[in-house]
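Please read all numbers here as calculations on a predicted model, not as lab measurements. Every chain is numbered from 1 and lettered A, B, ... according to where its sequence line falls, protein lines coming before strand lines.
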Number of protein chains: 2
Amino acid sequence: MARVTLKDVATASGVSIATVSFVLNDAAGQTIPAATRDRVRRAAAELGYVPHGMARALREGTSRLVLLNTAGLPPGGSLRSFIEGLEDELDQHGHALLVRHGTGRSGSLRRVVEAAAPRAVIDLAGLYAGTGTDVDDGGWIDGLAAHTATQIGHLASRGHHRLALALPDDPRLARLASLREAHTRQIAEALGLAESVVIRVGDDRAAHRDALDSHPGVTAVAAFDDDTALRVLSGTNRTDLAVIGFDETPHGALWKPSLTTVRIDAAGYGRRAARRALGHDAGDAPVQASRVIVRESA
Amino acid sequence: MARVTLKDVATASGVSIATVSFVLNDAAGQTIPAATRDRVRRAAAELGYVPHGMARALREGTSRLVLLNTAGLPPGGSLRSFIEGLEDELDQHGHALLVRHGTGRSGSLRRVVEAAAPRAVIDLAGLYAGTGTDVDDGGWIDGLAAHTATQIGHLASRGHHRLALALPDDPRLARLASLREAHTRQIAEALGLAESVVIRVGDDRAAHRDALDSHPGVTAVAAFDDDTALRVLSGTNRTDLAVIGFDETPHGALWKPSLTTVRIDAAGYGRRAARRALGHDAGDAPVQASRVIVRESA
DNA sequence: GATGCTAGCTTAAGCGTTTTAGTGCAGCTG
DNA sequence: CAGCTGCACTAAAACGCTTAAGCTAGCATC
């Protein structure tokens with residue numbers, strides 16, 4: 001049950017550990033005949049050799065881990081798919097995902113970074129709260145304008161002219177919310193719609209119901225995400241109101257009326273984020289365009 | 001920006017790296033005067049020394065990572081809170097959480113394990129699917145009987161006598177589902193209720209609606225989890241039916257009727273799982289008893 | 001005044017890798 | 001046949017840490 005190391009493979013195949021390392025890593029600039037390569041590879045497979053990530057990390061100065069910091073970000077819609085895509089792609093390149101949901105003290109992120117020496121850090125929390133730095137989410141934010149256009153476009157095509165934009169009042173989503181607001185304004189203007197009303201949606205249903213009621217001219221609500229959309233639906237007593245979500249969650253389909261929403265290829269963005277984190281070219285990880293899932297609510 | 005190592009701290013405080021290591025780890029059996037300790041600790045703090053987890057892992061044979069394998073387990077209710085508790089407690093003991101949602105090939109789990117040399121593996125996926133081994137979920141499963149009693153007890157106290165148990169047809173939850181079934185039967189019997197009916201809830205609403213309709217004597221449904229409960233509510237046309245969820249999710253409160261459910265201290269179990277993973281005594285990580293969140297649906 | 005004991009250190013090995021700098025040998029060149 | 005080149009490797013250092021073993025000075029003991 002003990003760990004199989006390079007040394008074991010080396011003795012088994014009658015060469016030095018250096019040679020084994022060269023063979024298994026396909027090291028460039030080494031002239032090793034096919035016969036030897038075969039022997040080594042066979043031995044490695046037979047013994048079930050798996051490189052020791054920590055040893056490698058020590059030597060190379062950086063581990064094959066990528067750290068994702070979500071720091072208490074609400075689980076909203078796609079986070080899970082995003083993570084799946086991310087993990088999948090990392091896997092494919094021999095890396096693993098280290099997650100910090102870390103509701104705790106922010107200083108501890110630094111500690112984890114130094115202790116785990118990750119290859120890269122994806123700091124969604126910072127990115128979405130606006131305190132962010134130069135980290136990368138695979139273009140998620142970049143795609144936001146297009147996805148917003150998908151959402152608003154649908155309402156426009158249904159003949160709605162005066163919209164409300166429902167944003168969450170969660171400070172952790174502050175930056176995303178203000179981006180969405182800007183995009184919505186831009187697109188509404190481009191489509192020749194009336195200026196949209198912004199309502200804040202939190203735990204207090206009465207608050208956003210009142211906000212909506214005070215704008216009777218509004219016929220449709222574009223929500224920040226499905227969760228926000230469901231809160232709007234749940235809070236309002238106007239049955240004529242069209243509501244569209246964003247970033248599909250499974251629950252929306254169960255609702256009455258079932259929630260029309262925008263499906264975003266979160267896994268695709270996850271894969272892209274992974275590629276960028278590893279320094280690969282992101283171009284070849286395609287992301288599908290967002291599209292409207294038409295159901296009953298809009 | 002280069003990494004601060006033991007060596008740096010050693011030179012700064014005028015001792016050897018061994019001494020520094022002893023001081024910083026409070027090594028037993030070493031006689032080091034307070035003056036020296038202070039000097040070392042001060043230097044470490046000043047330089048911002050953070051131990052290199054990988055180096056330590058190499059030396060100690062095991063890293064300060066704990067691997068959680070959820071392997072595509074549906075995000076159901078408490079998983080997130082569980083993870084938060086887990087991570088929080090691990091943090092407190094200088095460990096970090098490595099997550100594999102790993103929808104992919106199961107063999108890759110082994111690879112990750114060998115590559116990351118985690119201190120422990122928590123294999124929820126295996127545990128809940130029934131293929132599980134001797135891993136530990138902090139007593140989550142052990143507590144299941146009690147939580148089920150909370151749920152069924154509520155229905156009984158409301159005068160319901162003939163129940164349906166709504167289980168998901170997701171094979172990944174097979175073991176959990178059958179456990180819940182067993183517990184429900186036991187408790188129902190103990191409470192003197194009529195034998196309960198089991199219905200399977202999947203994506204096809206008509207199926208479980210029909211199943212329910214064919215048992216008109218059933219006045220209440222105890223669901224496997226909130227998601228299942230919402231599917232039942234969404235599928236049925238019987239307004240008199242009482243439905244209670246399990247393992248509270250945020251969405252239930254928004255529903256009409258709002259979902260009565262059982263709140264479980266998932267974070268507590270997470271913390272326990274962490275303690276057990278680290279080999280601490282789990283006893284001193286208290287878990288709150290489950291309790292019913294009474295809303296409109298039951 | 002040799003011996004032993006303790007306090008307060010230091011030395012050095014070793015964890016499993018990667019990688020630089022060789023080494024020995026065969027074959028070819030001039 | 002000395003010198004060179006290319007092949008097929010190997011030796012050894014280094015990454016940062018822990019820890020067993022050792023070492024020295026100072027003091028107490030007989």
Side-chain angles (χ1 to χ4, degrees), chain A residues 2-41 43-44 47-65 94 111 113-119, chain B residues 2-41 43-44 47-65 94 111 113-119:
Chain A
R3 159 151 234 132
V4 178
T5 73
L6 274 188
K7 197 144 90 172
D8 301 320
V9 180
T11 10
S13 50
V15 294
S16 71
I17 62 166
T19 306
V20 176
S21 177
F22 289 143
V23 169
L24 297 182
N25 294 320
D26 284 322
Q30 295 292 333
T31 53
I32 300 175
T36 309
R37 283 174 190 280
D38 274 9
R39 212 153 23 96
V40 169
R41 273 201 259 265
L47 297 174
Y49 170 72
V50 177
H52 191 304
M54 304 294 132
R56 189 180 260 168
L58 181 57
R59 170 65 223 224
E60 295 190 328
T62 167
S63 69
R64 301 208 178 173
L65 296 173
R111 276 191 38 209
V113 170
E114 304 216 5
R119 172 89 174 263
Chain B
R3 163 150 231 131
V4 178
T5 74
L6 273 189
K7 198 144 89 172
D8 300 322
V9 180
T11 6
S13 50
V15 292
S16 72
I17 61 166
T19 306
V20 176
S21 178
F22 289 142
V23 170
L24 297 182
N25 294 319
D26 284 322
Q30 295 291 334
T31 51
I32 300 175
T36 309
R37 285 177 188 278
D38 273 10
R39 210 151 25 95
V40 169
R41 272 202 258 265
L47 297 174
Y49 170 73
V50 177
H52 192 304
M54 304 294 131
R56 188 181 263 168
L58 181 58
R59 169 66 221 233
E60 296 191 329
T62 168
S63 68
R64 302 209 177 171
L65 296 172
R111 276 188 38 208
V113 170
E114 304 219 3
R119 172 88 175 261

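Arg119(A) pairs by the side-chain hydrogen bond (donor to acceptor under 3.5 Å, both in side chains) definition with His95(A), not counting sequence neighbours. Shown here are the salt bridge (Lys or Arg N to Asp or Glu O under 4.0 Å) partners of Arg64(B), two or more places apart in sequence or in another chain: Glu60(B). Scanning for salt bridge (Lys or Arg N to Asp or Glu O under 4.0 Å) contacts around Arg59(A) gives an empty result, with sequence neighbours left out. Annotation: side-chain contact (heavy atoms from CB on, under 4.5 Å) contacts of Ala57(B) (sequence neighbours excluded): Met54(A), Ser63(B). Listed by chain and number, the residues in a side-chain hydrogen bond (donor to acceptor under 3.5 Å, both in side chains) with Arg39(B) amount to none (sequence neighbours excluded).
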Let me check something: any side-chain donor-acceptor pairs from residues 11-21 of chain B under 3.5 Å, sequence neighbours excluded? List them with distances.
| unit_1 | atom_1 | unit_2 | atom_2 | d |
| --- | --- | --- | --- | --- |
| Thr11(B) | OG1 | Lys7(B) | O | 2.6 |
| Thr11(B) | OG1 | Asp8(B) | O | 3.3 |
| Ser13(B) | OG | Val9(B) | O | 2.7 |
| Ser16(B) | OG | Ala18(B) | N | 3.4 |
| Ser16(B) | OG | Thr19(B) | N | 3.4 |
| Ser16(B) | OG | Thr19(B) | OG1 | 3.2 |
| Ser21(B) | OG | Asn25(B) | ND2 | 3.3 |

Please list, pair by pair, any protein nitrogen or oxygen found under 3.5 Å from a nitrogen or oxygen in nucleotides 22-29 of chain C.
none

Polar atom pairs between nucleotides 4-8 of chain C and protein, under 3.5 Å, N or O only, would you list them?
none

Between protein and nucleic acid, restricted to nucleotides 11-15 of chain D and to nitrogen or oxygen atoms under 3.5 Å apart, what atom pairs and distances do you find?
| unit_1 | atom_1 | unit_2 | atom_2 | d |
| --- | --- | --- | --- | --- |
| dA14(D) | N3 | Arg59(A) | NH1 | 3.4 |
| dC15(D) | O2 | Arg59(A) | N | 3.2 |

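Contact between Arg3(B) and Pro51(B) at its shortest, heavy atoms only, is NH2-O, 3.7 Å. The nearest pair of heavy atoms linking Val113(A) to Pro118(A) is O-CD, 3.0 Å.
By the 4.5 Å heavy-atom criterion applied to side chains, Asp26(A) and Arg37(A) are counted as neighbours.
Within the helix from dG1(C)-dC30(D) to dG30(C)-dC1(D), the inter-axis angle between the opening and closing five-pair segments is 80°, rounded to 10°.
OP1 and OP2 of dG16(D) both lie 4.0 Å or more from every side-chain N or O belonging to Arg56(B). Remark: Thr19(A) is not in phosphate contact with dC9(D), judged by side-chain N or O atoms under 4.0 Å from OP1 or OP2. Contact check, Ser21(A) against dT18(C): a side-chain N or O comes under 4.0 Å of OP1 or OP2.
Atom CG of Leu6(A) and atom OH of Tyr49(A) lie 3.5 Å apart (nearest 0.5 Å).
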| query | Where do Arg41(A) and Leu24(A) land on the side-chain contact (heavy atoms from CB on, under 4.5 Å) test, with the steps shown first? | reply | CA-CA 7 Å; Arg41(A) 273 201 259 265; Leu24(A) 297 182; 4.2 Å; yes
